[in-house]
Number of protein chains: 2
Amino acid sequence: MEVLTQAEENYLKAVFKITENDDKAASTNAIAAMMSTSAASVTDMLKRLAGKGLLHYEKHRGVVLSERGGELATNLVRKHRLWEVFLVKMLDFSWDKVHDIAEQLEHVQSDELVERLDGFLDRPQFDPHGDPIPDANGKMAMRKQILLSSLDPKDQAVLVGVQESTNTFLQYLDKLKLSLGTKLQVVERFEYDGSMKIVLIGGEEITLSHKVCENLFVQKTK
Amino acid sequence: MEVLTQAEENYLKAVFKITENDDKAASTNAIAAMMSTSAASVTDMLKRLAGKGLLHYEKHRGVVLSERGGELATNLVRKHRLWEVFLVKMLDFSWDKVHDIAEQLEHVQSDELVERLDGFLDRPQFDPHGDPIPDANGKMAMRKQILLSSLDPKDQAVLVGVQESTNTFLQYLDKLKLSLGTKLQVVERFEYDGSMKIVLIGGEEITLSHKVCENLFVQKTK
DNA sequence: TTTCATTTTTAGGCTTGCCTAAAAAACTGT
DNA sequence: ACAGTTTTTTAGGCAAGCCTAAAAATGAAA
């Protein structure tokens with residue numbers, strides 16, 4: 001088992017995040033932006049990681065994770081999300097406070113710790129933001145989720161995830177009394193600006209901007 | 001709140017441990033031994049920490065923690081021991097496996113995390129090895145403990161701590177079915193070599209060497 | 001007190017991970 | 001295709017934290 005520095009782990013995670021949606025290579029600049037560092041530092045580190053066989057690097061062409069690099073990155077995501085569940089479920093943190101702490105906890109090295117934590121939490125499949133948690137083999141459950149913005153009037157749905165996890169957004173949702181598991185029904189859609197009026201089941205009616213609707217994952221229930 | 005590197009924190013803890021029993025200054029060599037590093041590296045770091053006002057350093061005379069240094073060191077001990085409780089009580093680790101993991105967890109920076117963890121664990125006063133856990137103000141409960149080796153025949157006592165926490169010792173205790181909370185009675189003391197025959201309440205009779213008896217803290221119950 | 005062993009410090013050097021500035025390569029539009 | 005822009009790499013440097021070897025300070029014993 002190779003042991004990586006925290007910096008190396010953070011770069012792996014950044015490459016992972018950048019490449020997981022579109023399957024193009026991650027560019028030096030994109031990585032630099034995500035890590036808030038200079039492109040020169042990124043080039044340095046990419047060479048190191050390529051030397052360790054964790055990613056495939058070709059000058060001026062960006063990088064892709066190797067199989068081993070992907071495994072390590074997936075395991076980091078697993079650890080991060082498990083710790084987030086712990087912080088929210090067991091220590092009662094609000095979902096907008098857990099990211100930074102999980103960012104530190106994910107670097108703790110102990111496979112047995114992860115395994116026992118997973119068991120203690122009852123092998124959760126999703127983290128507090130609705131993101132799927134990879135299992136010990138790196139497999140993760142698929143969310144059958146769609147964007148709230150794609151629903152039509154009268155559709156009923158349950159909130160299962162957020163696209164964006166910034167503090168401001170999460171805190172705004174709290175203020176609206178929207179959290180994972182909240183059931184809702186669409187009342188009306190305003191084509192003019194894409195905003196929607198929805199009613200929280202057992203609660204009040206609220207109007208959400210298009211921007212908000214585009215950042216909420218739901219599952220239809222009717 | 002000053003933020004220290006993990007290396008700086010580890011040095012603080014080492015000085016703390018060395019100076020907590022005898023109130024003499026910690027010597028460069030003693031610190032080097034505890035940190036498994038060279039005396040030269042220690043000198044480097046002591047200058048850094050003295051520069052930050054965390055300890056008092058005089059060439060060739062060793063160091064003592066400053067008030068602030070002591071506070072930081074105590075808080076590290078608090079975090080370490082709280083995480084050990086978590087690992088043993090919640091994740092069901094055995095007491096000889098938790099030190100290295102707690103050593104990593106103690107460096108996670110978040111006062112709120114420590115506070116919530118403490119509450120979640122029900123504000124424990126002692127860690128799985130019987131060592132006292134400082135509270136948020138740095139105060140810790142006194143153990144009314146004595147060494148098993150100081151007991152006389154017929155004395156009854158309960159095991160409340162260990163002097164030494166090496167893996168080999170803890171595993172040996174497990175094999176003897178000795179754990180914190182185990183009640184026992186002294187049967188006989190052999191002055192010749194200091195070994196003792198004791199009986200575990202509700203269990204078998206065992207003989208412990210002087211070395212073992214010198215490393216077990218007990219509280220008399222009769 | 002003087003010598004000798006031990007402890008501590010200094011000096012110089014290494015890697016990691018970061019920086020800026022400048023050079024080189026790759027894209028873009030005409 | 002080539003000029004200009006953007007991206008990426010190279011070069012050189014810095015701080016942290018470690019190392020070894022050598023010098024200096026301390027202290028113990030004769």
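So that the names make sense, note that chain A is the first sequence line, chain B the second, and so on, each numbered from 1.
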query: How does protein contact run along nucleotides 6-14 of chain C, one letter per nucleotide 5' to 3', with B for base contact, S for sugar-phosphate only, - for none, heavy atoms under 4.0 Å?
result: -SSBB----
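Look at Thr5(A) and you'll find a side-chain N or O under 4.0 angstrom from OP1 or OP2 of dG17(C). Within the structure, a side-chain polar atom (N or O) of Thr37(A) is placed less than 4.0 Å from OP1 or OP2 of dC19(C).
Atom C1' of nucleotide dC18(C) and atom CG of Asn10(A) are separated by 14 Å, given to the nearest angstrom. Between the C1' atom of dA15(D) and the CG atom of Leu49(B) lies a distance of 15 Å, rounded to the nearest Å. Atom CD of Glu8(B) is separated from atom C1' of dG17(D) by 10 Å (rounded to the nearest Å). dG17(C) atom P lies 12 Å from atom NE2 of His107(A), rounded to whole Å. Put simply, NZ on Lys24(A) is 14 Å from P on dT7(D), counting in whole angstrom units. Here dC19(D) presents its C1' atom at 14 Å from CE of Met45(B), a figure rounded to the nearest Å. Across the protein-nucleic acid pair, Gln6(A) atom CD and dG17(D) atom P stand 13 Å apart, rounded to whole Å. In this entry the distance linking CE of Met35(B) with P of dC18(D) reads 6 Å, nearest Å.
Note that the CG atom of Leu117(B) and the CG atom of Leu87(A) stand 10.0 Å from one another [nearest 0.5 Å].
Within the 4.5 Å cutoff, the side chain of Val186(B) has no heavy atoms near those of the Asp152(B) side chain.
Judged by distance alone, the side chain of Arg68(B) and the main-chain N or O of Gly53(B) form no donor-acceptor pair under 3.5 Å. A donor-acceptor contact shorter than 3.5 Å is absent between the side chain of Arg116(A) and the backbone of Met90(B).
End-to-end axis angle of the helix from dT1(C)-dA30(D) to dT30(C)-dA1(D), from C1' rotation axes over five pairs per end: 0° (rounded to 10 degrees).
Ring geometry for Trp83(B) against Phe86(A) counts as tilted: the plane angle lies between 30° and 60°, on a 0 to 90° scale.
At most 12 non-hydrogen atoms from other residues, nucleotides or ligands lie less than 6.0 angstrom from NZ of Lys89(B).
A salt bridge (charged side-chain N to carboxylate O under 4.0 Å, His left out) with Glu106(B) is found for exactly one of Lys13(B), Arg78(B), Arg81(B), Lys79(B), namely Lys13(B).
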- request: Start with the C-alpha distance between Lys211(A) and Glu214(A), add both sets of side-chain angles, then the distance that settles salt bridge (charged side-chain N to carboxylate O under 4.0 Å, His left out), and finish with yes or no.
  value: CA-CA 5 Å; Lys211(A) 179 163 179 197; Glu214(A) 288 268 79; over 6 Å; no
task: Verify side-chain hydrogen bond (donor to acceptor under 3.5 Å, both in side chains) between Asp193(B) and Ser195(B), making sure each step is shown before the conclusion.
output: CA-CA 6 Å; Asp193(B) 62 356; Ser195(B) 65; 2.8 Å; yes
